[in-house]
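Working notes for the structure below.
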10 protein chains.
Amino acid sequence: MTSRIEVTEKIIATKVGRGLKWSDVAAKVGLSKEWVTAACLGQMTLTPAQAAIVGEIFGLSEEERRWLTVVPYKGASADAKPGDPLIYRFYELVSVYGPTLKELIHEEFGDGIMSAIDFRMDLRREPDPNGDRVNITLSGKFLPYKTY
Amino acid sequence: MTSRIEVTEKIIATKVGRGLKWSDVAAKVGLSKEWVTAACLGQMTLTPAQAAIVGEIFGLSEEERRWLTVVPYKGASADAKPGDPLIYRFYELVSVYGPTLKELIHEEFGDGIMSAIDFRMDLRREPDPNGDRVNITLSGKFLPYKTY
Amino acid sequence: MTSRIEVTEKIIATKVGRGLKWSDVAAKVGLSKEWVTAACLGQMTLTPAQAAIVGEIFGLSEEERRWLTVVPYKGASADAKPGDPLIYRFYELVSVYGPTLKELIHEEFGDGIMSAIDFRMDLRREPDPNGDRVNITLSGKFLPYKTY
Amino acid sequence: MTSRIEVTEKIIATKVGRGLKWSDVAAKVGLSKEWVTAACLGQMTLTPAQAAIVGEIFGLSEEERRWLTVVPYKGASADAKPGDPLIYRFYELVSVYGPTLKELIHEEFGDGIMSAIDFRMDLRREPDPNGDRVNITLSGKFLPYKTY
Amino acid sequence: MTSRIEVTEKIIATKVGRGLKWSDVAAKVGLSKEWVTAACLGQMTLTPAQAAIVGEIFGLSEEERRWLTVVPYKGASADAKPGDPLIYRFYELVSVYGPTLKELIHEEFGDGIMSAIDFRMDLRREPDPNGDRVNITLSGKFLPYKTY
Amino acid sequence: MTSRIEVTEKIIATKVGRGLKWSDVAAKVGLSKEWVTAACLGQMTLTPAQAAIVGEIFGLSEEERRWLTVVPYKGASADAKPGDPLIYRFYELVSVYGPTLKELIHEEFGDGIMSAIDFRMDLRREPDPNGDRVNITLSGKFLPYKTY
Amino acid sequence: MTSRIEVTEKIIATKVGRGLKWSDVAAKVGLSKEWVTAACLGQMTLTPAQAAIVGEIFGLSEEERRWLTVVPYKGASADAKPGDPLIYRFYELVSVYGPTLKELIHEEFGDGIMSAIDFRMDLRREPDPNGDRVNITLSGKFLPYKTY
Amino acid sequence: MTSRIEVTEKIIATKVGRGLKWSDVAAKVGLSKEWVTAACLGQMTLTPAQAAIVGEIFGLSEEERRWLTVVPYKGASADAKPGDPLIYRFYELVSVYGPTLKELIHEEFGDGIMSAIDFRMDLRREPDPNGDRVNITLSGKFLPYKTY
Amino acid sequence: MTSRIEVTEKIIATKVGRGLKWSDVAAKVGLSKEWVTAACLGQMTLTPAQAAIVGEIFGLSEEERRWLTVVPYKGASADAKPGDPLIYRFYELVSVYGPTLKELIHEEFGDGIMSAIDFRMDLRREPDPNGDRVNITLSGKFLPYKTY
Amino acid sequence: MTSRIEVTEKIIATKVGRGLKWSDVAAKVGLSKEWVTAACLGQMTLTPAQAAIVGEIFGLSEEERRWLTVVPYKGASADAKPGDPLIYRFYELVSVYGPTLKELIHEEFGDGIMSAIDFRMDLRREPDPNGDRVNITLSGKFLPYKTY
């Protein structure tokens, strides 16, 4: 009896043990490194074909591969302690800029939200003479509230 | 005896009362709409010259303008209830993608964080035939941990 | 300097003082009682025309009506104590049936969510010889997660 | 020494391992998919006859089947992390619409609650040209407060 | 613009100021001291006739009396700090005896709950040579879970 | 190395496995079903003679029986999730009626508390043509605060 | 309309304004400084005679004096921030020595508690060549759990 | 690989299994029962000589004895559930008397705290015709805040 | 009726209104800027002579000056939101380095703590070609735990 | 399948078992005791060469050494209970002095923060005739907020 969390832990431990890179895993799956890493960390659902590739890379059993195709319980993985400084900086940005995002999105689009489901993300290195920067682009569909 | 929170509340109420737009305020200040909105919402520190422009727009007294030039206690403003659906979606993204951001930033840059201080943000409408999207670009300097 | 919360409190107090009914307010606005009540309780954004009708009913000033057209900070209103037995029963249903909803929606639709934005609700009395029942129909668009 | 939680985990793992569907399980039990899924997830109590059918499907031992007939400690199962986006949307609905539900139920029925015990739920796909919708009907007996 | 909380506070302050007793108030209303005290403390809904009697006793205005007839947001009143030793003892009883109540009610009645809505309570002094005792009888309808 | 929690879990699992009833256990111990169930669930301390009877019924080892005679860390047992609907109803009663209990006990007895230690409880079925009721009598010594 | 909290705040402000000492107040009341200070801080109930003395000292009105004779909602007063270092040291002692107190009291007395109601406290300066010490004696009646 | 928590659990289980008494353990160590019990419960650091005596009594291995000489992470032990009625009474005393302790210590000593480090405690039975009492004396050095 | 919090707010508002600097205030008081700022922010107790100087600078009344000489309830002031990025960095340091500080202090000093009472702090600018640094020196007396 | 937490626990247990000192470990690594201890406690990332030295000292396997070179999830380690008195004193300092640090850093540097990443710490014994002191120097780069 395995569970998705155990499969995630096995993937992480195998990655450390074999010194694998997420970008290489993503290239083999044929999708973005952002989506594939999230899927390997237990946040997204794979098709059987994708699960076969990931299972091959990380040496997963048939049952473990099947867990990859089941919709997981999402949200920060068991290993992610909320106090981690890197992740906290993103929480701080939401805290400092949250009302600003609310004001500007409503000013441009009216009442509604930016979807966190119909969503994609792109993370890249932005060269800079004063020290390279982390550049992240978020793109989510605007979903308007409707009257009824 | 005023406080920065009262100045923020006055700015918000005046904006509603006069039907002002943040992008127009930003154009008069001569900086991005993201930084200026954050400043008007009590998250950034203005120079006396910037405070004079903002004070003119919102009809602030001399003492209220001076509060704008004092470093504020930052973090979600008094009016922002954490349960707001638009702001929550950003928390959800940090929860779902937090470990992915951690893995990919470390894979590209090594141990360290994306600065939330040496940081800028750009929010714009991304036209899309399936419904326009909210597009947000985050750019923060990478700060490496060092041995000593 | 008013705020949306003060407008909501004024609407509630006026409703009690004059003995108004939400269904009558909704009929005058010409929309469902569910949406109109939510809007009057500070959860939805009205058009100027809708705000004029609501403002007329509750005797709101020009500035107070304008607040109704500003996107509010949503989530349980200031007056709603989480310990209220009626509201708690709905929390309990989410707690008892949450995983069931997750399993059945994924079984029918795959990975994704029921939108809480592109959403409508209908509440009615369901006559029953053993005691009438509260009947609530929820309808939310299914939003699938996508690979990228 | 087993426990109900272990029986639930075995049922979930077996379902994934054998690729079973809740609607098929419900058909064999002869009750709704909503009630049967909740029961399999450890939220409802089965009769010995129902437990025999479920035990047959999931290969449960005699002792495990007996646990299914014991009233369980209810509430979100051990596997359900509250941060899951699908389940959170329901919490958000309670937060945004909670006071509205309270106002409208009291307006229609007077002081009391919608029972979460004498309750049934029906979830189905609602075809829609703009994207199919999740349609959920809740029906709970109204229970009035009484003077004494 | 008053609110139910303000009416409750006025009732409490008037009771202290005039040295009234809850049992006398209940006698005038013609119902139990338990229900009437709960109603005066903002937990129950009065009929206009009952509100007239209570309003007379506590010198309430017409608008304040009308608030007594509106279903209140229930749960511990604003004045009740959870750390109060008398109230805490009841929480402790739920903590120490909660699982015992669950086991014994299920053993006697099967799966279901004791209603907290179709409920009455009686509190009286129980003379005892070793020191008088507080005797409280709770009576709530048993509500069974049903299959569907 | 066992612990009281393990002994409690063994008692519960044995009860399910053998289909025992708490009232029968209590009859053999010769005390009330309320006290004996609480003791078996790890909330009370048994004498060696009582532990021998309970140990006999549940097949406990010598060491496990000795744990029953050690004063336990009390409060809701490890298996009791606070979200359980039956137990929650009692919390709700404390929340809705807490201030009422405080007012009426002080009105009758003066400043002090109802003891949760010098306390007994009796739970029985109350036949009722509209549906049987759960009837619970609480009796706790009144303990007055004293000056010094 | 006053409340006990307002009376407490007036007593504290008057004490600061007039430079009074708690030990002098206690001497006039004729009881210990521990009980009298607790009563003035809103934790104990005064007799009318005691309230008259305290009212005289702090210049309280008739209504304010009557509040002193009403049983208060107890627990840390509104002014007491839990982070205060002096008060925290006592919490730390409970955390570090809590299990020790439990073991030693049970070893000496059996199952039961030290009453926090039938309780008295004495605080005095303990001269010491290495720096004077705070010496506090707690005395509470032992209350045994009883079978029934 | 053991840990201090495992050593504590072994000591507790051995004490129950052999029916030992803390006061006897303390007598063999030659220190107070308060300090020795706290040390055995994982709150204090033993010297190698003390660890040898304790290790002898509880049958600890060489590695387990060494853990007793390592400064532990202090605070309520893993076994201590905060809801335990005996321990809660001490929390209640801090809540009810915290501000009183603060006022009286400052009145006697000025600004500073009672040390929880340079501290000793003595617990004894106080015979009383109305029922014996638990008598606890706390003695902690007063540490004044200093200007600089 | 003033309170220490109101005095603190007046000091802060006056500082902003007049453009004062903490280091100048400290120079007039004749103590370190760290202690004087903490005192002005409501964390330390002033002598009457110090209060006279501070009262002169900030235009405080006689009663407000007296509040400065009363030991305050300490801990983060009412204006300090815990989410502030500057203050959070210090919390993060305690989180990341807390166990390290514990290990190294115990390795050097044995069991005990660094006093936060007999404590002083010095903050200065540390010039650095790669960007100036904030340099903070903490000095607290080591307090050993003692056996008894 | 190991994890970083297991490696940390092994390091701690080995240190206790062999009686090693952090300062000796640091000397062998050739870096400060502060950084090396933090790294061994799972807070910093080692180079393969550093991991080889640490692995040698603590007898780590090849896979365990590789975990030391993976960026860890940071923040208080699993063993660190927040209630520990030594670590709490640092939290208390942040609580008492947090606003002071904010005021003085902003007065000296303007809006920005002290980096917790580009940071170093030095802990040493400060001899003092009244009792030696713990002396800790913190040095973090000042990072200014910028307009954009």
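Chain letters run A, B, ... following the sequence lines, proteins first, then strands; residues in each count from 1.
Taking chain C as the reference chain and counting heavy-atom pairs below 4.5 Å, the highest number among D:Leu138, D:Asn135, D:Leu143 is found for D:Leu138. The greatest number of non-hydrogen atom pairs below 4.5 Å with chain C, out of D:Leu123, D:Asn130, D:Ile105, is found for D:Ile105. If you tally non-hydrogen atom pairs under 4.5 Å between each of D:Ile136, D:Thr137, D:Val94 and chain C, the highest count goes to D:Ile136. With respect to chain C, the highest number of heavy-atom pairs below 4.5 Å among D:Gly112, D:Gly131, D:Ala38, D:Gly140 belongs to D:Gly140. Of the listed residues (D:Asp118, D:Val134, D:Ile113, D:Thr37), the one with the most heavy-atom contacts under 4.5 Å to chain C is D:Val134. Comparing C:Met44, C:Lys21, C:Arg124 by how many heavy-atom pairs each has under 4.5 Å with chain D, the most go to C:Lys21.
Atom CZ in C:Phe119 sits 4.5 Å away from atom CG in D:Leu93 (nearest 0.5 Å). Rounded to the nearest 0.5 Å, atoms CD (D:Glu108) and CH2 (C:Trp22) are 16.0 Å apart.
In this structure the side chain of D:Glu34 never reaches within 4.5 angstrom of the side chain of C:Leu101, judged on heavy atoms. You'll find the side chain of C:Ser115 stays beyond 4.5 Å of the side chain of D:Arg89, heavy atoms only. A 4.5 Å side-chain heavy-atom check between D:Ile117 and C:Glu92 finds at least one atom pair inside the cut-off. Residues D:Asp128 and C:Lys141 fail the side-chain proximity criterion, which asks for heavy atoms closer than 4.5 Å. No side-chain heavy atom of D:Met114 sits under 4.5 Å from any side-chain heavy atom of C:Leu86. Looking at heavy atoms from C-beta onward, D:Lys15 lies in side-chain contact with C:Glu103 at the 4.5 angstrom threshold.
Aromatic pair C:Phe90/D:Tyr91: ring centres not closer than 6.0 Å.
In terms of heavy atoms, D:Gly75 sits closest to C:Ser95 at CA-OG, 3.2 Å. The nearest pair of heavy atoms linking C:Lys102 to D:Ile87 is CD-CD1, 4.2 Å.
With a 4.5 angstrom heavy-atom cutoff, C:Tyr88 does not touch chain D via any of its atoms.
No cation-pi contact links C:Arg133 to D:Phe142, judged by a cut-off of 6.0 Å to the six-membered ring centre and 45° from its axis.
Here the side chain of D:Glu107 pairs a donor or acceptor atom with the backbone of C:Ser23 at under 3.5 angstrom.
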Can you list the steps and then say if C:Glu126 with D:Arg120 is a salt bridge (charged side-chain N to carboxylate O under 4.0 Å, His left out)?
CA-CA 13 Å; C:Glu126 176 186 338; D:Arg120 59 176 177 264; 2.8 Å; yes
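Of the N and O atoms on the side chains of D:Thr100 and C:Gln43, not one donor lies less than 3.5 Å from an acceptor on the other residue.
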